[in-house]
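Worksheet: the structure to be examined is printed underneath.
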Amino acid sequence: MIIRHLDRIAGTPQEVVTPNWTSRRLLLRRDGMGFSMHETFIEAGTETFIWYKHHLEAVLCIEGEGEIEEVPGGKVHRIEPGMLYALDRHDRHLLRGKTRMRMICVFNPPLTGREVHDAEGVYPLVEDEEASAA
Ligand code: 9YT
């Protein structure tokens, strides 16, 4: 059995901080579960273009408000606590945080933990002055 706690992931390599989002990886490929599981915070006022070409992802909003826009197509869906979106077709999308959103994300196949630094389909459009790798 694997036991993890979010409080013990903050400040470790399993926490990735970028101008638009912060993600804490609860489970990764090496855990052997067949999926990875993340807590991701989307910062207020940010817009991020995301395309997971090689992964399926489901995202459940726990806190906060925002929206997801389908690309192409432009259809916009409101994100609020309880809303889930599943990218079953590797859907390209724009993710916008109106307030800071707390999301629980699951990936199949699981992330190894290195993809984000290789910009695995995540391209921030809005960045702070101190932009870092995303
Ligand atoms: C909301 C969302 O797409 N989260 C993805 C997880 C994050 N990009 C990570 O852990 O790398």
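Remember, predicted model here, so these are calculated numbers, not experimental data. The figures that follow rest on heavy atoms only: side chains count, while hydrogens, waters and symmetry mates do not. Residue numbers count from 1 along this sequence. Counting starts at 1 for both ligands and their atoms, in listed order.
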- Item | Arg29, CZ atom: more than 12 neighbouring heavy atoms under 6.0 Å | no
- Note on the structure: Taking only non-hydrogen atoms of Arg25 and a 4.0 Å limit, the atoms of ligand 1 in range are 9 (C), 10 (O), 11 (O)
- Query: Out of Glu57, His55, Arg24, whose heavy atom is nearest to atom 2 (C) of ligand 1?
  - Reply: Glu57
- Task: Could you list which atoms of ligand 1 come closer than 4.0 Å to a heavy atom of His38?
- Result: 9 (C), 10 (O)
- Query: What distance do Phe49 atom CZ and Arg96 atom CZ have between them, rounded to the nearest 0.5 Å?
  - Reply: 12.0 Å
- Query: What atoms in ligand 1 come closer than 4.0 Å to a heavy atom of Tyr52?
  - Reply: 3 (O), 5 (C), 8 (N)
- Task: Heavy-atom distances under 4.0 Å are what count here, so tell me which part of Phe41 touches ligand 1: side chain, backbone, both or neither.
- Result: neither
- Across all chains, not counting sequence neighbours, the salt bridge (charged side-chain N to carboxylate O under 4.0 Å, His left out) partners of Glu43 are Arg100
- At what distance, to the nearest 0.5 angstrom, does NE2 of His38 lie from CZ of Arg24? 14.0 Å
- Message: Could you tell me, atom by atom, which parts of ligand 1 come under 4.0 Å of a heavy atom of Cys105?
- Response: 1 (C), 2 (C), 4 (N)
- Note on the structure: Between the CD atom in Glu67 and the CD atom in Glu80, the distance rounded to the nearest 0.5 Å is 12.5 Å
- Judging by distance only, is a nitrogen or oxygen of Tyr85 under 3.5 angstrom from one on ligand 1? no
- Task: Apply side-chain hydrogen bond (donor to acceptor under 3.5 Å, both in side chains) to His90 and list each qualifying residue two or more places apart in sequence or on a separate chain.
- Result: none
- Message: Only heavy atoms of Ser23, strictly under 4.0 Å: list the atoms of ligand 1 that pass.
- Response: 6 (C), 7 (C), 9 (C), 10 (O)
